[in-house]
Amino acid sequence: MSDTPHTDKPSATEKPSHFLQNILKRDLDEGQVTSITTRFPPEPNGYLHIGHAKSICLNFGLAEQFGGQCNLRFDDTNPEKESDEFVESIKRDVTWLGFEWAGDIRFTSDYFDTLHEWALELIRAGKAYVCDLSPDQAREYRGTLTEPGRNSPYRDRSVDENLALFEKMRAGEFAEGQCSLRAKIDMAAPNINLRDPVIYRIKKVRHHHTGDKWCIYPSYDFAHGQSDAIEGITHSICTLEFEDHRPLYEWFIANLPVPAEPKQYEFARLNVNYTVTSKRKLRQLVDEGHVDGWNDPRMPTISGMRRRGYTPAALRNFCERIGVTRSDSVVDVGMLEYCVRDDLDKNAPRAMCVLRPLKVTLTNYPEDKIETFVAPGHPNRDDFATRELPFSRTLYIDVEDFREEANKKYKRLVIGKRVRLRNAYVIEAEDCVKDADGNIIEVLARVIENTVGCDPEDGVKPKGVIHWVCGSNHIPCDVRLYDRLFIEANPGSGDTDFLQAINPESLQLLNNCMAEPSLVDAKPESAYQFEREGYFCLDEHYSEQGRAVFNRTISLRDSWAKISQQH
RNA sequence: UGGGGUGUAGCCAAGCGGUAAGGCAGCGGGUUUUGAUCCCGUCAUGCGAAGGUUCGAAUCCUUCCACCCCAGCCA
């Protein structure tokens with residue numbers, strides 16, 4: 001018999017499920033629900049960022065995993081801050097991430113008629129009243145965290161009076177802030193959200209979706225749960241700060257003739273170090289010109305990451321790896337970077353591009369000779385197209401790849417030493433030329449015969465491999481090197497301004513780069529690995545006809561940087 | 001000092017009374033025409049702390065501590 005120990009533990013490769021997956025599975029198993037419906041409910045008042053990506057992956061992912069559906073609903077109850085510009089960008093971001101919402105796009109504003117009817121319902125049941133307290137007075141009556149509130153003097157108006165007053169609110173007969181409709185719950189509740197919350201307020205503002213039809217708008221608390229019920233959402237997933245609102249969410253569901261009883265569940269929002277995700281801070285970065293718009297490649301917005309060259313697969317994998325829990329956490333940005341490199345390494349075709357060119361003249365190579373080498377598109381895959389590399393007497397290598405002399409740890413070109421030119425010959429440096437200031441402006445080297453695809457016949461192997469481009473046939477281009485936007489792990493912690501933590505070197509412009517000819521076909525958002533440098537993509541906004549501009553998505557992991565800094 | 005939450009390695013995170021998964025980062029080594037990738041090894045006598053129950057506790061009980069959220073007619 002086998003003596004292999006039996007175990008019920010999941011195998012090491014099996015990913016354990018998180019608490020929400022467990023809840024959905026339980027509800028399905030117990031027959032609480034027959035199918036799963038979730039929703040992603042952004043307010044169209046800003047661009048989506050990495051934190052939203054987590055929510056999108058969670059809500060759409062859960063629906064996908066359990067064979068259910070996920071709606072895209074714009075939570076547009078505050079017309080002062082919302083606009084169609086944001087609606088469009090959000091749709092694009094969700095689609096780009098690879099998700100498909102069920103049916104048409106929904107708007108909370110689609111339900112304003114029903115919501116208004118339900119407000120009337122509450123009034124008729126004596127569970128809501130029009131309150132004339134000003135915002136300031138309301139705050140005083142609300143009490144504090146440790147002291148109970150007091151009842152509003154308008155709390156006991158008759159149903160008829162409330163009905164008449166609410167109708168006047170709707171008809172625009174009152175000024176903003178003059179009165180509001182409040183749910184009559186409990187001014188002494190320890191949970192402040194239950195101290196007669198405002199459910200309708202006056203805003204004489206045109207709505208991006210309903211136009212001038214309304215001058216009163218429902219609050220988030222009054223709109224959200226009921227919208228979930230209307231759409232038949234089974235699991236309404238939100239972030240932890242809404243936990244205290246859950247009793248209120250349930251109160252409305254219990255006191256209104258809603259068609260379904262959705263349940264709210266909360267999870268911890270995503271935080272990433274060296275990054276900010278608050279809408280206020282992102283907006284400030286844009287408005288004050290610290291970055292070049294919401295889709296600046298340094299922004300943690302989905303549109304910024306897309307332009308930077310991050311891929312949907314990388315982002316989805318990241319969201320998968322960080323998990324879903326109820327504990328506050330700060331994910332290391334290195335985890336995100338790992339996911340980006342992981343996807344790009346597997347899928348980005350290779351190319352060579354010299355960022356800081358240094359001329360190399362091959363003294364023993366004929367003036368008029370040109371060879372063409374064929375290089376693989378990917379070192380570990382054979383399904384990529386090959387590319388042609390022209391080779392001539394004059395080449396360019398990176399200034400970092402040559403030194404007059406160096407210790408044995410330096411595995412690049414040194415006078416008297418050999419190096420392999422990637423996909424081409426081994427060469428040996430003989431001398432270099434300097435300008436009046438002593439800067440090296442040219443390297444003189446010789447080609448070692450018969451070294452394409454094999455080592456030198458004399459047995460002296462090259463120390464390393466460097467990239468290069470042909471001097472007479474390459475694409476001049478610009479490269480934008482990006483680094484993290486902030487130099488502090490938690491920008492703005494303590495009492496400092498987060499702007500003080502901005503990395504002054506988050507963008508480095510290189511205007512004299514040279515790319516191999518195959519890069520003429522580069523398209524925006526399609527990634528390349530510039531060998532030994534990192535992953536890059538063409539920038540659609542900065543590139544012009546005849547002048548390519550590449551964004552560095554992310555560098556390659558660089559163990560040499562660590563070694564060289566130690567000496 | 002009211003209410004609601006959360007504490008497992010530098011970071012994320014499994015674990016649900018039977019003796020601490022996995023990933024990221026780090027460190028050491030191997031392969032390599034990318035100092036990349038890949039591969040191998042290493043990394044918690046310890047689960048916020050202290051007591052208690054139990055043959056046995058990260059898991060149960062008690063007390064304490066720390067941190068997060070709530071006093072918008074924002075979401």
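In what follows, every chain begins at residue 1, and chains take the letters A, B, ... in the order their sequences are listed. Here the structure is a predicted model, which is why all the values come from computation and not from measurement.
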Open item on the list: Would you say A:Arg201 places a side-chain N or O within less than 4.0 Å of OP1 or OP2 belonging to B:G72?
Closed with: no
- [ ] For A:Tyr217, enumerate each residue passing the ring pair (Phe, Tyr, Trp, His ring centres under 6.0 Å) test, keeping only those at least two apart in sequence or located in another chain.
- [x] A:Phe112, A:His207
TODO: Report yes if at least one side-chain N or O of A:Lys203 is closer than 4.0 Å to OP1 or OP2 of B:C74; otherwise report no.
DONE: yes
Each nucleotide N or O in nucleotides 34-40 of chain B that has a protein N or O under 3.5 Å away: list the pair and distance.
| residue | atom | partner | partner atom | Å |
| --- | --- | --- | --- | --- |
| B:U34 | O2 | A:Gln529 | OE1 | 2.8 |
| B:U34 | O2 | A:Arg532 | N | 2.9 |
| B:U34 | N3 | A:Gln529 | OE1 | 2.4 |
| B:U34 | O4 | A:Arg350 | NH1 | 2.3 |
| B:G35 | OP1 | A:Arg532 | NH1 | 2.9 |
| B:G35 | O3' | A:Ser559 | OG | 3.1 |
| B:G35 | O2' | A:Ser559 | OG | 3.3 |
| B:G35 | O2' | A:Trp560 | N | 3.3 |
| B:G35 | N7 | A:Arg412 | NE | 3.3 |
| B:G35 | N7 | A:Arg412 | NH2 | 3.0 |
| B:G35 | O6 | A:Lys411 | N | 3.1 |
| B:G35 | O6 | A:Arg412 | NE | 3.3 |
| B:G35 | N1 | A:Lys409 | O | 2.7 |
| B:G35 | N2 | A:Lys409 | O | 3.1 |
| B:A36 | OP1 | A:Ser559 | OG | 3.0 |
| B:U37 | OP1 | A:Arg557 | NH1 | 3.2 |
| B:U37 | O2' | A:Asp345 | OD2 | 2.7 |

Anything under 3.5 Å between a donor and an acceptor, one on a side chain of residues 181-189 of chain A, the other on a protein residue two or more places apart or in another chain? List them.
| residue | atom | partner | partner atom | Å |
| --- | --- | --- | --- | --- |
| A:Arg182 | NH1 | A:Asp196 | O | 2.8 |
| A:Lys184 | NZ | A:Arg155 | O | 3.2 |
| A:Asp186 | OD1 | A:Ala188 | N | 2.8 |

- [ ] Using the test ring pair (Phe, Tyr, Trp, His ring centres under 6.0 Å), find all partners of A:Tyr310 that sit at least two apart in sequence or belong to another chain.
- [x] none
Task: Listed partners of A:His378 passing ring pair (Phe, Tyr, Trp, His ring centres under 6.0 Å), at least two apart - done: A:Phe384
Task: Contacts of A:Arg206 that satisfy salt bridge (charged side-chain N to carboxylate O under 4.0 Å, His left out) - sequence neighbours left out - done: A:Asp212
- [ ] Rounded to whole angstrom, note down the C1' distance from B:U54 over to B:C69.
- [x] 37 Å
Open item on the list: Considering only residues two or more places apart or on different chains, which pairs with a residue in residues 182-201 of chain A satisfy ring pair (Phe, Tyr, Trp, His ring centres under 6.0 Å)?
Closed with: A:Phe166-A:Tyr200, A:Tyr200-A:Phe222
- [ ] State whether A:Lys562 places a side-chain N or O below 4.0 Å from either non-bridging phosphate oxygen (OP1 or OP2) of B:G26.
- [x] yes
Open item on the list: OP1 or OP2 of B:C73 versus the side-chain N and O atoms of A:Arg195: is any pair under 4.0 Å?
Closed with: no
Task: Residue list, side chain to side chain contact (heavy atoms under 4.5 Å, CB included) with A:Lys461, at least two apart or on another chain - done: A:Asp455
Task: Inter-nucleotide C1' distance (B:U19, B:C47), Å rounded - done: 13 Å
Task: Residues touching RNA chain B, which here means a heavy atom under 4.0 Å, drawn from residues 237-247 of chain A - done: A:Glu241, A:Phe242, A:Glu243, A:Asp244, A:His245
Task: 5' precedence on RNA chain B between A:Pro190 and A:Phe19 (nearest-nucleotide basis) - done: A:Pro190
Open item on the list: Say we look at B:U59 and B:G4: how far apart would their C1' atoms be, to the nearest angstrom?
Closed with: 24 Å
Task: Short side-chain N/O contact to B:C73 OP1/OP2 from A:Ser219, under 4.0 Å - done: no
